[in-house]
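Below is one structure; the comments refer to it alone.
Read the numbers this way: they start at 1 and go in the same order the structure lists the ligands and their atoms. If you read the sequence from its start, that first residue is 1, and numbering goes on from there.
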Amino acid sequence: MKKIRTYNNIAAVGLAKFPTDRYLVDASSETPDALLLRSHKLHNEELPSSVLAIARAGAGVNNIPVSQYTPKGIVVFNTPGANANAVKELVLASLLLGSRGITDSMSYVASLADEKDAIELHKKVEAGKKKYGGSELTGKTLGVVGLGAIGAKIANLAIDLGMKVIGYDPALSVEAAWQLSSQVNRAENLNSLLARSDYVTLHVPAIKPTIGMMNEEAFSAAKDGMVLINLARGELVEEEAVINALDSGKLAAHLSDFPSEGLIAHGKSTLFPHLGASTVEAEENCAVMAAKQLIDFLDNGNIINSVNFPAVSMERTTGYRLTFANDNIPKVLGTVLNLLADLNINVLDMVNKSRDDIAYTIVDIEQEPTAALLEKLSSVEHVFHVRSV
Ligand SMILES: NC(=O)C1=CN([C@@H]2O[C@H](COP(=O)(O)OP(=O)(O)OC[C@H]3O[C@@H](n4cnc5c(N)ncnc54)[C@H](O)[C@@H]3O)[C@@H](O)[C@H]2O)C=CC1
Ligand SMILES: O=C(O)CCC(=O)C(=O)O
């Protein structure tokens, strides 16, 4: 039986993908083959040595110390794009919340609950509304920082709403570029986007170059009265800089999926409890994709959508398959193939790919690998995580 340890609320339809005759899926396995999680933080947690893979049902992997796991051969997966539509829709809500006095006006109406006289109520409704007027999105400029799965969807939606759109993404992939409307204008750098945008929405991972990107310097480059939407990660903004920008009027509104003590206490931000991906559809998409990727890896050694290993997949040619990871240096693959040749083991098919410091190989062989063969392969210098799958 293979064991999967789960964390967080993983959609049942995803968990149901694991065949029950071969997989035990629960939250308590002591020796799991793999972990399946959403936002659970693995930093500072001891990982059982049995773990071969971790699947993040979602996009961001900053809750996983990926660089610590890579040298151990632990494959980390995510589910690119699976929750992008859910986030796009919450950005749309945020654009509307940031442009009209929706929440304050609702509070005003709620404060009229004791008014029992219909004529008086009508008078107060009509008198009160002037405080909550807003402006329209059409014709305004939206700056989209990060044009990946989510950012591209939002850029295209904003074009459909009649907004002008500026995008900034120094690492835009060709695939992401294909998704993007040709009407999206490209900014050369963050400050040039900030200077021209009435609304700015962040859709980048929390990594070294992006952490704290919305700081005092960025706000001073920004257009006065800008609306900032952050449904990506709390680490992207410096809390104090946001508070100062709200107080000075540099920011007309700040909407974020990442409440922090200071922002809650300040009271001028509109804060959601990390709700971006919390739709039935997104939770199911992510769970199904993550489960399928784990099953394909554990059963066949195939790697799809890993954030630290190369993409490597091969149709099965026989029932006998070996997989292994190795340091990405010359001669390791040759040594393994020579070893197989010396043992008279015929290779039927093979695929080998590398990514940064790691290489990964799938080899289909003609005969069933013995325990002795697996041991021999494991003892080749720079080779690790040898499996017969
Ligand atoms: N609130 C929520 O529930 C959710 C939040 N997220 C967050 O949103 C982030 C983006 O998600 P996806 O669009 O699915 O990821 P993605 O990987 O498809 O897109 C990220 C884009 O950011 C770009 N990028 C990287 N560094 C950049 C920089 N310094 N400046 C500008 N662009 C840069 C990349 O080139 C890429 O195109 C995730 O990493 C996650 O942190 C994602 C899903 C749900
Ligand atoms: O699982 C969730 O609700 C959070 C999703 C998220 O933040 C992500 O996919 O990066």
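Considering backbone and side-chain N/O of Leu231, one or more are found under 3.5 Å from N/O of ligand 1. In terms of polar-atom proximity, defined here as any N/O pair under 3.5 Å, Met213 makes no such contact with ligand 1. Ligand 1 has a nitrogen or oxygen under 3.5 angstrom from a nitrogen or oxygen of Asp169. Not a single N or O atom of Gly151, backbone or side chain, sits closer than 3.5 Å to an N or O atom of ligand 1. Checking only distances, Ala171 does come within under 3.5 Å of ligand 1, N or O to N or O. Looking at ligand 1, you won't find any N or O of Ile207 less than 3.5 Å from one of its N or O atoms. Between Ser173 and ligand 1, no pair of N/O atoms sits closer than 3.5 Å.
Judged purely by distance below 3.5 Å, without hydrogens or angles, the side chains of Asp296 and Asn302 pair a donor atom with an acceptor atom. A side-chain donor-acceptor contact under 3.5 Å links His40 and Glu45.
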Assess whether side chain to side chain donor-acceptor pair (under 3.5 Å) is satisfied between Asn62 and Arg233, documenting all intermediate values.
CA-CA 9 Å; Asn62 58 318; Arg233 281 296 177 267; 2.9 Å; yes
Trace of the salt bridge (Lys or Arg N to Asp or Glu O under 4.0 Å) decision for Asp33 with Lys2
CA-CA 6 Å; Asp33 297 278; Lys2 290 178 179 123; over 6 Å; no
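The neighbour count for His122 NE2, taken as heavy atoms of other residues, nucleotides or ligands under 6.0 Å away, does not exceed 12.
Ion pairing of Glu126 with Lys123 is absent here, as no side-chain N (NZ or NE/NH1/NH2) approaches a carboxylate O to less than 4.0 Å. Here Asp364 does not pair with Arg316 in a salt bridge; the nearest charged N to carboxylate O distance is not below 4.0 Å. Checked for salt-bridge contact, Asp26 and Lys3 miss the test: no charged N lies under 4.0 Å from a carboxylate O. Ion pairing of Arg38 with Glu283 is present here, as a side-chain N (NZ or NE/NH1/NH2) and a carboxylate O approach within less than 4.0 Å.
Both tests pass for Arg387 against the ring of Phe297: distance under 6.0 Å to the centre and angle within 45° of the axis. Both tests do not hold together for Lys72 against Phe384: distance to the six-membered ring centre under 6.0 Å, angle to the ring axis within 45°.
Among all protein heavy atoms, the one lying closest to atom 43 (C) of ligand 1 is Asn83 OD1, 3.3 Å. Considering only non-hydrogen protein atoms, atom 29 (N) of ligand 1 sits nearest to Thr210 CG2, 3.4 Å. Protein heavy atom in closest approach to atom 44 (C) of ligand 1: Val87 CG2, 3.4 Å. Scanning all protein heavy atoms for the shortest distance to atom 15 (O) of ligand 1 gives Ala149 N, 4.5 Å. When only non-hydrogen protein atoms are considered, atom 31 (C) of ligand 1 lies nearest to Pro170 CD, 3.3 Å. Scanning all protein heavy atoms for the shortest distance to atom 19 (O) of ligand 1 gives Gly148 CA, 3.2 Å. Nearest protein neighbour of atom 39 (O) of ligand 1, counting heavy atoms only, is Pro205 CA, 3.3 Å. If you check which protein heavy atom lies closest to atom 3 (O) of ligand 1, you get Ala277 N, 3.2 Å.
Listed by atom number, the atoms of ligand 1 under 4.0 Å from His274 heavy atoms are 1 (N), 2 (C), 3 (O). Ligand-side atoms of ligand 1 in range of Tyr168: 30 (N), 31 (C), 32 (N), range being under 4.0 angstrom from any heavy atom.
Within a 4.0 Å radius of atom 17 (O) of ligand 1, the protein contributes no non-hydrogen atoms.
Here the closest non-hydrogen pair linking Ala282 and Ala277 is CB-O, 3.4 Å.
Contacts of Val204 with ligand 1, taken as heavy-atom pairs under 4.0 Å, involve both backbone and side chain. Looking at Ile150 against ligand 1, both its backbone and its side chain come within 4.0 Å, counting heavy atoms. Proximity of His203 to ligand 1, defined as any heavy-atom pair under 4.0 Å, is confined to the backbone N, CA, C and O atoms.
One N or O on the side chain of Lys250 and one on the backbone of Ala222 form a donor-acceptor pair closer than 3.5 Å. At least one donor-acceptor pair under 3.5 Å links the side chain of Ser107 to the backbone N or O of Thr103.
Using a 4.0 Å cutoff on heavy atoms, Ala206 does not count as a contact of ligand 1. Ligand 1 is approached by Ala232 to a heavy-atom distance shorter than 4.0 Å.
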Output block, N or O contacts of ligand 2, threshold 3.5 Å exclusive:
| unit_1 | atom_1 | unit_2 | atom_2 | d |
| --- | --- | --- | --- | --- |
| ligand 2 | 1 (O) | Arg38 | NE | 2.8 |
| ligand 2 | 1 (O) | Arg38 | NH2 | 3.4 |
| ligand 2 | 1 (O) | Arg56 | NH1 | 3.4 |
| ligand 2 | 3 (O) | Arg38 | NH2 | 2.7 |
| ligand 2 | 7 (O) | Arg233 | NH1 | 3.0 |
| ligand 2 | 7 (O) | Arg233 | NH2 | 3.1 |
| ligand 2 | 7 (O) | His274 | NE2 | 2.7 |
| ligand 2 | 9 (O) | Ala59 | N | 2.6 |
| ligand 2 | 9 (O) | Asn83 | ND2 | 2.9 |
| ligand 2 | 10 (O) | Gly60 | N | 2.7 |
| ligand 2 | 10 (O) | Arg233 | NH2 | 2.8 |

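Screening Val76, Thr70, Leu42, Leu47 for a side chain to side chain contact (heavy atoms under 4.5 Å, CB included) involving Pro65 leaves a single residue, Leu42. Each of Leu228, Asn244, Leu194 was evaluated against Phe219; a single residue qualifies, Leu228, per the side chain to side chain contact (heavy atoms under 4.5 Å, CB included) test.
Taking the six-membered ring for Trp and the full ring otherwise, the centers of Phe258 and His274 sit less than 6.0 Å from each other.
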